[in-house]
K.L.:
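A single structure is presented below for examination.
Count residues from 1 along the sequence.
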Amino acid sequence: MKLLRYGPAGSEKPALLDEEGNVRDLSSVISDVDGRSLTDDALASLKAVDPGSLPIVNETGRIGPCVANVGKLICIGLNYSDHAEETGNPIPKEPIVFMKATSSICGPNDDIEIPRSSVKTDWEVELGVVIGKRAKYVSEANALDYVAGYCAVNDVSEREFQTERSGQWVKGKSHDTFAPLGPWMVTKDEVPDPQNVSMWLDVDGHRFQDGSTKTMIFGVQEIVSYLSNFMTLEPGDIISTGTPPGVGMGQKPDPVYLKVGQEIRMGVEGLGEQSQKTIAARD
C-alpha cells in the first residue's frame, strides 16, 4: 500500500495510490496520514478498504510530505561504507545520530531554498524508515515489527554550517525545505528487504549518486533497535538512514555544491521519485 498526501501546504488531504497508478482520496476514511493511521491496526483497516470505492483525484496538484505531524526526524550519518570513504572519515563503530528540525520537512517536489550566506549546500538521497509502533528497548530481531513502512528522503545539508560553525550537525541540516519526504509512504510488506534497495540522484541531468542499501554499515533493524535504547520511537517518527557516495562534498578534484536555479531529481527503488528546483531563501 502506498499512502500519500496532496494539496496546498498545511491543507493536505490523505490519499492512496492504487495498482493502476490512480490517486484515491482517503478523506472519508482517515483524517490524515500520520502516527494515528500508521499503527498495525490502522493499517490493517486501511488495507481492508476497496480502493475502487474511493474517489479518484484527477488533479492532485502539489504532493505534500507523505507523513504529517512528524514528532522526530532522526538521521544516521556516515552510514554507507563507500560514502565514509569518499569523505575521508573512518567507519563508525556505532551509528552517528543527529536530528533535523521538523520545520525542514516539505513535499517531494517543493522548491529547495539555498540559505542566506550558504556556499556549501549539498544533496543526499536516503531511505527513510517510518515508525508505526511505540518502540523502547526493542531487540534487533524484532525491530521491523515496529516499522510501518518506508519513504524517500533528501537529506539536504549545508556543509559549512554543519562542520565549520562549531557545535552539532543540526545547524547544517535544519533549514526550511531541507527534508523533502515522499512522494509516498510504502508499507513494509512492499519492501521485502530494506537492505537491497537501489537509489540515485541527479543534478541538472548529471548522475551523482547511484548506490544501494547493500553498503549500509548499520542496517535498518540495527538502527531501530539502537535508537530505541536512547529514546522512545513513536508512530509517525521518521529515521533517515544515511546516503551512498556521490554527494557534492565528495566530488574530486573539487567539491560541487548547489546554487540557485538548479534541478535535483532523485529516486529510491519502489518508493517513487522526487524533483526539486533550488531557489534563494525566502523570508
K.L.:
Quick one: side-chain hydrogen bond (donor to acceptor under 3.5 Å, both in side chains) partners of S118, sequence neighbours excluded?
P.N.:
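Testing S118 for side-chain hydrogen bond (donor to acceptor under 3.5 Å, both in side chains), a comparison that skips the adjacent residues, returns T121, E158.
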
K.L.:
Applying side-chain hydrogen bond (donor to acceptor under 3.5 Å, both in side chains), can you list everything that pairs with E12, at least two apart in sequence or on another chain?
P.N.:
R5, R62

K.L.:
Is it the case that the side chain of S225 and the backbone of A143 share a donor-acceptor pair, with hydrogens and angles ignored and the cut-off at 3.5 Å?
P.N.:
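Such a contact is absent between S225 side chain and A143 backbone.
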
K.L.:
The criterion is salt bridge (Lys or Arg N to Asp or Glu O under 4.0 Å); which residues satisfy it with D155, sequence neighbours excluded?
P.N.:
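Per chain and number, D155 pairs via salt bridge (Lys or Arg N to Asp or Glu O under 4.0 Å) with K100, K173.
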
K.L.:
Any sub-3.5 Å donor-acceptor pair from S11's side-chain atoms to P8's backbone N or O?
P.N.:
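Here the side-chain-to-backbone pair does not exist.
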
K.L.:
Only pairs at least two apart or in different chains count here, so list each salt bridge (charged side-chain N to carboxylate O under 4.0 Å, His left out) that has a residue in residues 202-214.
P.N.:
D202-R207

K.L.:
I'd like to know if R116 pairs up with D283 as an ion pair, taking the criterion as any Lys NZ or Arg NE/NH1/NH2 lying under 4.0 Å from an Asp or Glu carboxylate oxygen.
P.N.:
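Looking at R116 and D283, the cut-off is met.
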
K.L.:
What is the ring orientation for F230 with Y226, classed by angle as parallel under 30°, tilted 30 to 60°, or perpendicular over 60°?
P.N.:
tilted

K.L.:
Indicate yes or no: does K72 engage E234 in a salt bridge with an N to O separation below 4.0 Å.
P.N.:
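Answer for the salt bridge query: no.
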
K.L.:
According to ring pair (Phe, Tyr, Trp, His ring centres under 6.0 Å), who are the partners of Y146, at least two apart in sequence or on a separate chain?
P.N.:
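If we apply the ring pair (Phe, Tyr, Trp, His ring centres under 6.0 Å) test to Y146, skipping adjacent residues, there are no hits.
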
K.L.:
Any sub-3.5 Å donor-acceptor pair from S240's side-chain atoms to G128's backbone N or O?
P.N.:
no

K.L.:
Do you know the tightest heavy-atom contact between K252 and G250?
P.N.:
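Between these two residues, the closest heavy atoms are NZ-O, 3.1 Å.
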
K.L.:
Counting distance only, does the side-chain N/O of S228 pair as donor-acceptor with the main-chain N or O of L233 below 3.5 Å?
P.N.:
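Side chain of S228 to backbone of L233, a donor-acceptor pair under 3.5 Å: no, none is there.
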
K.L.:
Go through the structure and list residues passing salt bridge (Lys or Arg N to Asp or Glu O under 4.0 Å) with E190, not counting sequence neighbours.
P.N.:
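E190: salt bridge (Lys or Arg N to Asp or Glu O under 4.0 Å) contacts with K2.
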
